[in-house]
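Beneath this line is the structure, given in structure tokens, with notes to follow.
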Amino acid sequence: MNKRRRSDVRLKVDLAGSRGVAGAGATTQTDFDIRRNGTSFATMRFAAAGTVADLIAATETVLEPGDVLSVIAPATPDATLADIGFTFAGTLVV
């Protein structure tokens with residue numbers, strides 16, 4: 001009988017290797033809250049007029065199978081920030 005091993009994914013400090021982009025920049029600084037299972041662990045920040053985000057995370061985060069990642073938009077969205085995309089880079093931990 002094959003026993004499946006659990007595989008976790010480690011996201012580095014400041015989500016190194018990850019990227020956030022926008023097709024059109026915001027009028028003012030705009031922050032998106034990044035959460036793991038409902039708990040905030042990072043921020044994706046677009047500077048005013050910026051189209052490439054700064055990713056901010058104080059510590060490494062380990063994602064386990066079944067974890068839910070959410071990206072939460074600001075309560076008052078910037079009307080000019082548009083066409084947002086992002087990728088999170090991690091390292092497989094077996």
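- A donor-acceptor pair under 3.5 Å is absent between the side-chain atoms of Thr51 and the main chain of Gly23, judged by distance alone.
- Across all their heavy atoms, Phe41 and Ala57 have their closest contact at O-CB, 3.8 Å.
- Contact between Ser7 and Leu92 at its shortest, heavy atoms only, is CB-CD1, 3.6 Å.
- Put simply, the side chain of Ser40 never gets that close to the backbone of Gly38: no donor and acceptor are under 3.5 Å apart.
- Between Leu55 and Asp14, the closest side-chain pair of non-hydrogen atoms is not below 4.5 Å.
- For the pair Val71/Leu69, no side-chain contact is recorded, criterion being any heavy-atom separation below 4.5 Å from C-beta on.
- The backbone N or O of Thr28 lies less than 3.5 Å from a partner atom in the side chain of Asp78, making a donor-acceptor pair.
- Between Phe86 and Leu15 the shortest side-chain heavy-atom distance does not fall below 4.5 Å.
- Between Glu64 and Arg36 the shortest side-chain heavy-atom distance falls below 4.5 Å.
- A salt bridge is absent between Arg10 and Asp8: the closest approach of a Lys/Arg side-chain nitrogen to an acidic carboxylate oxygen does not fall below 4.0 angstrom.
- With Asp31 as the fixed residue, the side-chain contact (heavy atoms from CB on, under 4.5 Å) test singles out one of Thr43, Ile56, Asp54: Thr43.
- The two residues Ser18 and Phe88 come nearest to each other via the heavy atoms OG-CA, 3.3 Å.
- With Thr80 contributing its side chain and Gly25 its backbone, the two residues share a donor-acceptor pair below 3.5 Å.
- At least one side-chain heavy atom of Ile84 sits less than 4.5 Å from a side-chain heavy atom of Phe46.
- A 4.5 Å side-chain heavy-atom check between Glu60 and Leu11 finds every atom pair outside the cut-off.
- Within the 4.5 Å cutoff, the side chain of Val62 has no heavy atoms near those of the Val9 side chain.
- When all heavy atoms are compared, the tightest approach of Met44 to Ala53 is CG-CB, 3.5 Å.
- Thr39 and Asn37 are not linked by any side-chain donor-acceptor pair at a separation below 3.5 angstrom, with hydrogens and angles left out of the test.
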